Structures are given as structure tokens and as C-alpha cells.
Amino acid sequence: MATEKKEFKTEVQQLLDLVIHSLYSNKDIFLRELISNGSDAIDKLRFNALSDKDLVKNDSEFRIKLYTDNEARTLVIEDNGIGMTRDEIEANIGTIASSGTRKFMEEIKKGNATDNPELIGQFGVGFYSAFMVADKVTLKTRPAGSDESWTWESSGDGSYEISEGGRDKRGTEITLHLKEDSKDYVVEFRIRQIIKKYSDFVEYPILMDITRDDTELDDEGNPKEGAEKKVTVTEETLNSMKAIWMRPKSEVKKEEYNEFYKHISHDYTDPIKTIHYSAEGTLEFKALLYLPARAPFDMFQHEGVKHGINLYVKRVFIMENCEALIPRYLRFAKGVVESNDLPLNVSREILQEDVVIKKIEKNVTSKILSTLKDMMKKSSEEYLSFYKEFGKVIKEGVEVDAANKDKIKDLLLYESSKTKPGEFVSLKEYVERMVPDQKEIYFLTGDSRAALENSPHLEVFKKKDVEVLFMTEPVDEFILPGFGEYSEKNLKSIAQGDIDLGSEEEKKIAEEQKKEASGKYKKLIKKVQDALKDDIKEVRLSDRLTDSASCLVTDEGDINPQMERIFAAMNQPVPEVKRILELNPDHPVLEKMNTLFDSNKKDPKIADYSELLYNQALLTEGVAVKDPVRFSKLISDLMVANN
Ligand code: ADP
């Protein structure tokens, strides 16, 4: 087949332009990315070979090899991994713009990546980092078990070429035609340095032919006259290949842990916590787990995170991102688990049901939860920064992990009516500082702290100095119905149902006052209710308001407006729910309306004022009024009438 010339997808080309023209610092990482790809390709092949031995026939010494050519100014990275078919080349390199491509470009444009090309791996576009150092890249590949091979070549300038042939061995070789300013990437010392730093723990040997010239030299450093030329070439392994999780903890340096983290997670920041342990006894396994410092961009994407926990069995890589090893609500954790108690030929389907895996999952879950608890206790600042990134994810655990529900509740933090913005309180602290006679844990849900802070629902709580938790994330709404008690206290929304505040004595007095007010306003309330019957379920006097005239309350057991919005956003049908309008018996508006009502029961102003009270209640929740034109007219009428 002749050479075919193809255009890059626009987005890929934009990405390449940015890589070529914007990323200057730390170019070294290109080598890490390409070696990682080689190592992944060998992992994949080894896994496939568990069920098809022929794939590795004649060539089962897995390795990555580097070749340099000073004169041609080229560096070659070769692996004997799984290789790529033509379709795979097209899909992986050049045509399909993944969501990662787009995200990475956004980061570069924001200026976040210019100083940090290391970011590139996180977005699944690591291959393109080759163009930081090369003005032409040639990739030759032969898939395992195939007798076809392919050559792909590009100068990163809008197009690439694909032709058949080029490689007679399994695997992939990538030739970088180095730019003038990157020519030192052929220097042995530079390569050794980079490998040591970034790729030392890669499990397969990274080989290179090292040329030594031991010809005897004279005083000026020239070969001695008549001396025999003694040039030797030896293939050396540049990395130590030590599986970091198999080494004793005391022997692993922090930098090594961190580099390994970056290798497996494709993250560019150091992890916030490293957990390295081995379980012994009836269940034996080794685990090296990391808690990242920052949430990856795909944390909340439907398909979930790409890099999670890798599973090894008896030193063989089985699979990456083994979801059976970790519950979804801990999906931010990365790392490696190695067990000797599993068969080598496990598949994802089998794993979901495997007893050993289930036990490991349980153990790993406990370990992560206890580490977080410890972190919360001993380094609260660190925990807070972690929680701000991943709190939303952990919360899902309350809903799905019945066995650990209580432990998870202990990890939760909320802002509240008594914390400053950005400060948080745990449920434990909340309960400890509850006021005397307080029986429940109060909360208010809404879109933002700013919206909640001004809610009229808070008024009586502020007056009585009772703390109210602010719940501002959609996940809060999801977990609340099944949340249950905390420390034998109910969680209670202050915007829903009745409120039971104060001592018995205070309640008695309040009850009497309310009774009196109810008698006084009974007929008026009925009138207001008639005026608003299309929008409102009930009108009643409020226990919550001290300053505002009105507020809306959701009836016990009804779905609240935040939840309605979440359902609507998911295109789920939402039942129409009418709410309760509460009026403040101590507000002069009520007195005024009552006077109007007493003098003329049919006064049309009463219906207008009812509507205004309802609209005011909507506005204080940050919700638009139903008919803004009519609302403005009513207000203007009121202004005119009062002057
Ligand atoms: P990532 O490795 O994060 O997926 P890359 O841009 O580095 O992103 O690579 C894209 C894809 O190209 C890889 O997922 C893999 O399928 C394929 N690939 C890259 N290098 C190799 C290789 N040496 N051998 C086989 N496949 C490779």
C-alpha cells in the first residue's frame, strides 16, 4: 500500500502547536511518557499472553531499548509490547480528539501548563510530548501475533503519513529526530539521569548499548601510537526495576514514592498521602496506595477515572484501574495491590465476584478510611485541603457503604452559620457545641453559602444561637434521605416541616403566643390562602421568622426545590410540589393586612399583598418570581399609594 497522507483532527493540531510553541520547561518528561507507553504496551501484551501463549512466542524477554545516534541526531525508544494495528494508530495518535486533549489545551491556555508540561500525561496525550524535543517523529509498529506492520510519521505540522511495513519484530519503535536545541538527549549521561529520576521503577529493563573506548591514551588524551583500538559495546540496564511496593518501607525514599505515584497516576503533583503496607495472616497482600492532592479533571465524568489501582498477581501485571479493589466513593485513590492468592487468569468479570478480592477491598477501604481519620485528627489543614478536593466523592460512601457509614460520617465537614466562609465543622464538633435543649442537628441545603446565609429560615436559629450546617453540594441532597442519625441525633432541615427549638418552658410560652396570634389572624390567613391556592399548599404562622415577613417551607416528606432542580437537570420527571407559606406573626405587615381585612373583608389589596408576600419569599431564596411584570406593578402601586 502506498503512503497515505492524512490531516490531524483540528483539535490535535491545536494541541500540537501548543506543545511545540508553549511548553519549554522540563522537556525531560517526554522520555518518561514514551517509556511509560512502552511499559504499558508490554503490560498489555503480558496480560493477553496469559490466555494466548503464542503471542510471546520466540520473544518473551520483555524490554524497552533506547538507541542514540549522535550524527543523525536521533533517539529511538523501542519496546517489544503489544504494538498497534493501523486502526489503533489512527484512533490513538492523530485523529480522535479525546476529552483529555481538550482539557489539556484549556489548562495550557489558562497558563497552568506552560511551566508544567508534566501535566501532559494526566490527560492521556503523553505521546505528543515527543514534539517538545523532536521536529519529526517516526513510529513503526507491529501488533503481537500479526504479520503486518505500519509506519507513521509526522512533523507535527498539520498532517501525518501512514504506510505499510517498516518493522519486522513485534512491538513499537519511536524515532525522534531531535531539534537543534534538544540534541543533548543523545548524551548517555543525560539519558541515565532522566531514567534514574523518572523511570527507575519501570518493571522492565530499559536497555541501551553503551560504547566504551579503552584504547590507551597519551598525555594529551590522544590514542597512543601503535596502541590497539579497544572499543567495546555492552548492553546496560539503566533502571533498577525494583517493584517499589515489594521493598521494605524503610528503604524507600519519599522522592521514589512520589515519582512512582506520578508514573502510575499520570498526575504531576506529589500525592498528599502515601500508604504502604502488607497484610499478613489469613489474607496476604501488599499495597502501595496514594491519596492525590488534587482532583483529576475526570473525577466526575460518567465513565469515571482512568487511573486507579493496578492489580498484580505473583509479580505479573494483571490489570490497571481494577475497580473491584476499591469502592467507587474512594475512586480517587491510586496505587498497586499485589496478591499471591489469586489465579493469574482472572478477568474483570470474575474479579467482581472473587472472595479474595472482596476481602482485599474491605481491607483497603478500612485502611484508607483510617488514614483519613488520622489525617483529620493530626493534620487538619492537610485534611481540609484534601477534603475540598475529594469531600464530594467521599460523601457518596454514606449512601453506598452501609458497613462503613459511621466512619464516613466522621470524615465529613460542613460550613455552617457559625463558621467563617472557607472554615468547616465536623459533625462531632457540631454535636459537642450544641446548645442546651437542642435535640437535632440542623442543616439548610442550597446552591451556595452566600444564598444560605441570608435565608429567612435562619432567623430564629441566629436569635437562639443555634448552629445550622450549610449543605451546598448536590450530593448532599442524595445522601440525606438515607443519612440516618449521628451520635443518636436526627439530621433536620430547617426549611422543612416543623421546628422544635428551645426549652420546654420557652416552648410553652411560644405555644401560647402562637395560639393567641392564630386566633387573631385566623380569618386573614384563610383569605391569604384562598388568594394563593394555585401556588401554595398551606399558609400558616411561622416559628422561624424574626425579621422577614414570610418564607417558604417544604412539607415533611415532600421533595425540596434543590432536589427538584437536580432531577430536572437530569431530565427526570419531577412531581409538582406545592410548598407552605409561613408568615411572621410579629411583622407589622400582618397587623396592617389584618386592619385592612377588618375594615373591608373584600379589599382587593389583601390578595395583592398576599402575592407580594409569596414573591418576597421566593426572592429571598434566590428564585425568580413567576410574573416579574406584575410583581413590579404591584410594588409601584404600593409606592404610589403610600405617598
Ligand atoms: P496515554 O498513554 O495516557 O493513553 P498517550 O498519548 O501517551 O496517552 O498514548 C495514546 C495511546 O496510544 C495509548 O493509550 C496507547 O493505546 C497507544 N500507544 C502509545 N504508545 C504506544 C506503544 N509504545 N505501544 C502500543 N501502544 C501505544
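Atoms within a ligand are numbered from 1 in the order they appear, just like the ligands themselves. Hydrogens, waters and symmetry mates are skipped; everything else that's a heavy atom, side chains included, is used. On a predicted model such as this, the values are computed, not experimentally measured, just so you know.
At a heavy-atom cutoff of 4.0 Å, ligand 1 is contacted by no atom of Glu33, backbone or side chain. With a heavy-atom cut-off of 4.0 Å, Lys44 touches ligand 1 through its side chain alone. The residue Leu34 has no part lying near ligand 1, judged by heavy-atom distances below 4.0 Å.
Judged by distance alone, the side chains of Tyr329 and Asp401 do bring a donor and an acceptor atom under 3.5 Å apart. Under 3.5 Å, the side chains of Ser129 and Glu33 contain no donor-acceptor pair of N or O atoms. At a cut-off of 3.5 Å, with distance as the only test, a side-chain donor of Tyr67 or Glu78 sits close to an acceptor on the other residue.
The shortest N/O to N/O separation between Tyr128 and ligand 1 does not fall below 3.5 Å. Of the N or O atoms in Phe127, one or more lie within a sub-3.5 Å distance of an N or O in ligand 1. Where the criterion is an N or O separation shorter than 3.5 Å, residue side chain and backbone included, Asp40 fails it with respect to ligand 1.
Within the model, atoms CG of Leu325 and CG of Asn363 stand 11.0 Å from one another, a figure rounded to the nearest 0.5 Å.
Ring pair Phe390/Phe386 is tilted by interplanar angle, where 30° to 60° counts as tilted.
Closest heavy-atom approach to atom 15 (C) of ligand 1 among the candidates Ile93, Asn92, Ile35, Ile42: Asn92.
Leu66 places none of its side-chain heavy atoms less than 4.5 Å from the side chain of Leu207.
Every atom of ligand 1 is numbered from 1 in the order shown, and the set under 4.0 Å from a heavy atom of His266 is 3 (O).
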